[in-house]
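One structure, as structure tokens, below. Some questions next.
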Amino acid sequence: MKWSQTHLYTLKEAPSDADILSQQLFVRAGLIKKLAPGIFTFGPVGLRALRKFEGIIREELEKRGLIEVLMPMVHPKELWEETGRWTKMGEGLLKFKNRNGQWFCLGATHEEAITDYVRYELQSYRDLPKNFFQIQTKYRDELRPRFGLMRGREFIMKDAYSFDLDKPSALKSYQIMYDAYKAIFDRLKVEYRIVEADAGSIGGSLTHEFQLIADAGEDALMVSDVSDFAANREVCPAIDTNPVKLTSNQESGAPVIPFFEEFATPNLKSILDLETSYPDLKPLLVKTLFFKEDKPEAKIFAVVLRGQDEVNPIKLKNVFGFSQEPIWATDQEVVRVTGVEPGSCGPLGLNIDIYLDNGVTGLPSVVVGANKKGYHLKNVVLGRDFKATAIGDYRMAKSGDQDPKNPSGRLSAVRGIEVGHVFYLGTQYSEKMNARYLTKDQKSQTIEMGCYGIGVSRTIQAVIEQCHDKDGMIWPMAISPFLVHICVLDVKEKALLNLAESLEKSLLSFGVDTLIDDRDERPGVKFKDADLLGFPLRITLGKKGFDKGVAEFVTRKNQNKIEVPLAQMIEKAIEVLKEIEK
RNA sequence: CGGGGAGUAGCGCAGUCUGGUAGCGCACCUGCCUUGGGAGCAGGGGGUCGCAGGUUCAAAUCCUGUCUCCCCGACCA
């Protein structure tokens, strides 16, 4: 491909709305261009990266027996009403009417569509298992799109849906996809972790996320330093490594904690204020938070946890079986149940459900709000002074917590970009949509499902978030838009251009795609652009080298330079590329 | 939804307070010159200053309304 014959332009400055580096580089190199918030055009070079990644996905999935289909982007309302998601998905679904007044939405995910596609054809146990995939544009009406392709409204996704006879078979399909995803992301040669995760609005019980490690990632992950344990912080179990020790008197069983007493804490509103004013009480400070399920007429409940800990709404959602995260009670509601505004609330004397985080249970006594403005209570003892409805893990895990899989391991927090997600769904969709088959002994059985997604467009940018330097992108071989970038320094020299063209032709016969920069530009411009675009190998053909019979090879990653005799360019290029791939 | 900021050439910005011919850098076009790390000189093209209304002899600038975009925020008991 010649630069002059494609549409390639570069910017020295990034548009002011590009927030993270990978997005700036993508825009500067013309890989993407924003059309509207969260909606992008792919330029020819960006498209090549996209296509290469799609190729990898397709290869690994077809290898494992998946069937490629392509479903529509526009879905009728009735389809989504079958599963109740027309309303449950809320604002995320972009809905609109056609000229006849019929409602449609843009496909945000395709569980309904695929189930509809197969439910009348998959009738016999002989038809199962089957696993379908598609690579297609999704639309989700994100509240706040950002970071370019990372959180777009319109994006390209590979989604797959498995249909199985029973749960064991479905779990087998799950494992196949899990392994396929591993194979796919391994080929990118980037750092990623497979983490335990929350199922979110897709639903399901068994689920893993594939997270590409990057500081700009939107997800907080907890990873172990010794085992392969890794979890999204949303669901990571919180296990203290140095629980507060009971005093020796406590251990002997003597009731050393005196009755609780009130003390004045005027103008101290937050736990932070209390910590500052009473540093010696810091480990005993306990906060009482009030929540309710996100639906009308929901009951208020309290969560009690250490001042230093953060509540984890996802855990609450999962423990209580809510369909969504609980929401904070308003100040008025807090006053209604405690008699006092937030700042001095405590668990004593409440007649609502109180959920006690297990981080509190080791404390001999605690300090809580007195439910009286400007007062707190100390020497409060759990069980004696107030009772909890239930004790559980309701808090966020934090750095230094114990690895749930290996007691000697410690967790640390890293950030990740979710590029893949696998779910075991069970029958939650097939049941609602009546997708059934007949067993050998003629019984009607509900089909077991799984669903599996890869954010294709997100991944190519996420990769660059990890692979770049101050000069630009550094593409991994697997998805690099081109493998070789030939800079012809003197385009008026016909011989040089001819040489570049024949080199491209030869390389292409080895499957090595090449971009020839044939612009009439000064060398510096070409080198800067080559660094920005970041293809693995740059070959410089200049008049000086040509007269000496050599070309210069530069590997993008480490800027290693070697001189190569013109006659050996092809073999050497193949050799260098193989070296880079390692 | 709340808070903050911004809409002026393809991109990055100044000009707005204090009304008076629409500016700068990059990019683009022409010519000369230059050619191994974003050269130089000269000339040039491109704007209904987000939109609507108002004030004024005169509005990018002041007033009113409106739209759009961007950033931050759902840890406080």
Quiz item: Does Lys12(A) have a side-chain nitrogen or oxygen under 4.0 Å from the phosphate oxygens OP1 or OP2 of rG12(B)?
Solution: no
Practice problem: Please tell me which of the listed nucleotides, rC11(B), rC72(B), rA39(B), lies nearest to the side chain of Val525(A)? | Solution: rA39(B)
Self-check item: Presence of salt bridge, Asp309(A) and Lys398(A), under 4.0 angstrom
Solution: yes
Practice problem: Could you tell me the separation between the CD atom of Glu563(A) and the P atom of rG36(B), rounded to a whole number of Å? | Solution: 15 Å
Self-check item: rC62(B) to rU16(B) separation - C1' atoms, rounded to the nearest Å
Solution: 10 Å
Quiz item: What integer number of Å spans the P atoms of rG25(B) and rG45(B)?
Solution: 15 Å
Quiz item: Can you tell me how far C1' of rC29(B) sits from CG of Asp520(A), to the nearest Å?
Solution: 15 Å
Practice problem: Taking atom C1' in both rA60(B) and rU18(B), compute the distance separating them and give it to the nearest angstrom. | Solution: 15 Å
Quiz item: Just how far, in rounded Å, is P of rG36(B) from CD of Glu493(A)?
Solution: 14 Å
Quiz prompt | Glu13(A) side chain, from C-beta outward: closest of rG38(B), rG37(B), rG25(B) | solution = rG25(B)
Quiz item: Quantified in whole Å, what is the C1' atom distance between nucleotide rG31(B) and nucleotide rG36(B)?
Solution: 26 Å
Practice problem: In whole angstrom, give the distance that lies between atom CZ of Arg522(A) and atom P of rU34(B). | Solution: 11 Å
Quiz item: Toward the 5' end of RNA chain B, which comes first, Phe290(A) or Asp471(A), by nearest nucleotide?
Solution: Asp471(A)
Self-check item: Between P of rG10(B) and NZ of Lys34(A), the distance in whole Å
Solution: 15 Å
Quiz item: Do side-chain atoms of Ser457(A) reach the backbone of Ile156(A) as a donor and acceptor pair under 3.5 angstrom?
Solution: yes
Self-check item: Minimum-distance nucleotide (side-chain atoms of Lys528(A) versus rC69(B), rG37(B), rG36(B))
Solution: rG37(B)
Quiz item: Taking side chain as C-beta onward, heavy atoms only, is Asn358(A) less than 4.5 Å from Tyr394(A)?
Solution: no
Quiz item: Looking at the side chain of Lys492(A), which of rG37(B), rU34(B), rG36(B) is the nearest nucleotide?
Solution: rU34(B)
Practice problem: Scan Thr540(A) against the nucleic acid and name what it touches under 4.0 Å (heavy atoms): base, sugar-phosphate only, or nothing. | Solution: base
Quiz item: If only side-chain N and O atoms of Ser16(A) are considered, is one of them under 4.0 Å from the OP1 or OP2 phosphate oxygen of rC11(B)?
Solution: no
Self-check item: Atom-to-atom span, CZ of Arg28(A) to P of rA27(B) - whole angstrom
Solution: 13 Å
Quiz item: Of all the nucleotides listed (rC11(B), rG37(B), rC70(B)), which has the minimum atom distance to the side chain of Pro15(A)?
Solution: rC11(B)
Quiz item: Is there side-chain contact between Gln461(A) and Ile20(A), with heavy atoms separated by less than 4.5 Å?
Solution: yes
Practice problem: Would you indicate whether the side-chain heavy atoms of Pro37(A) and Arg153(A) approach each other to under 4.5 Å? | Solution: yes
Quiz prompt | N-O pairing of Arg556(A) and Asp469(A) below 4.0 Å | solution = yes
Exercise. Provide the Watson-Crick or G-U wobble partner of rC26(B), both distances under 3.5 Å; none if there is no partner.
Key: rG10(B)
Quiz item: Which one is paired to rC69(B), where only Watson-Crick or G-U wobble pairs with both distances under 3.5 angstrom count?
Solution: rG5(B)
Quiz prompt | Any-strand Watson-Crick or G-U partner of rC32(B), both distances under 3.5 Å | solution = rG40(B)
Quiz item: Taking any strand in view, what nucleotide pairs with rA60(B) in a Watson-Crick or G-U wobble way, both distances under 3.5 Å?
Solution: none
Quiz prompt | Leu143(A), nearest nucleotide to its side chain (from rC70(B), rG37(B), rA74(B)) | solution = rA74(B)
Quiz prompt | Toward the 5' end of RNA chain B, by each residue's nearest nucleotide, Asp17(A) or Asp309(A) | solution = Asp17(A)
Self-check item: Nearest-angstrom distance, C1' atom, rC29(B) to rG10(B)
Solution: 14 Å
Practice problem: Using a heavy-atom cut-off of under 4.0 Å over every strand shown, decide if Gly369(A) touches base, sugar-phosphate, or nothing. | Solution: nothing
Quiz item: Between atom CG in Asp19(A) and atom P in rC70(B), what is the gap in whole Å?
Solution: 9 Å
Quiz item: When we call it a touch if two heavy atoms are under 4.0 Å apart, what does Arg538(A) touch: a base, just sugar-phosphate, or nothing?
Solution: base
Self-check item: Mutual orientation of the aromatic rings belonging to Phe263(A) and Tyr278(A) [parallel < 30°, tilted 30-60°, perpendicular > 60°]
Solution: perpendicular
Quiz prompt | Rounded distance in Å between the C1' positions of rC24(B) and rU66(B) | solution = 31 Å
Quiz item: In terms of ring plane angle, is the pair Phe301(A) and Phe320(A) parallel, tilted or perpendicular, where the classes change at 30° and 60°?
Solution: perpendicular
Self-check item: Spacing of the C1' atoms in rG19(B) and rA59(B) (rounded, Å)
Solution: 6 Å
Exercise. Ignoring backbone atoms, establish whether Arg144(A) has a side-chain N or O less than 4.0 Å from OP1 or OP2 of rC71(B).
Key: yes
Quiz item: Looking at rG36(B), does its base get a donor-acceptor pair with the side chain of Glu552(A) below 3.5 Å?
Solution: yes
Exercise. Round to a whole Å and report the spacing from CG of Leu316(A) to P of rA74(B).
Key: 17 Å
Quiz prompt | Distance, P atom - from rA22(B) to rG50(B), rounded to whole angstrom | solution = 15 Å
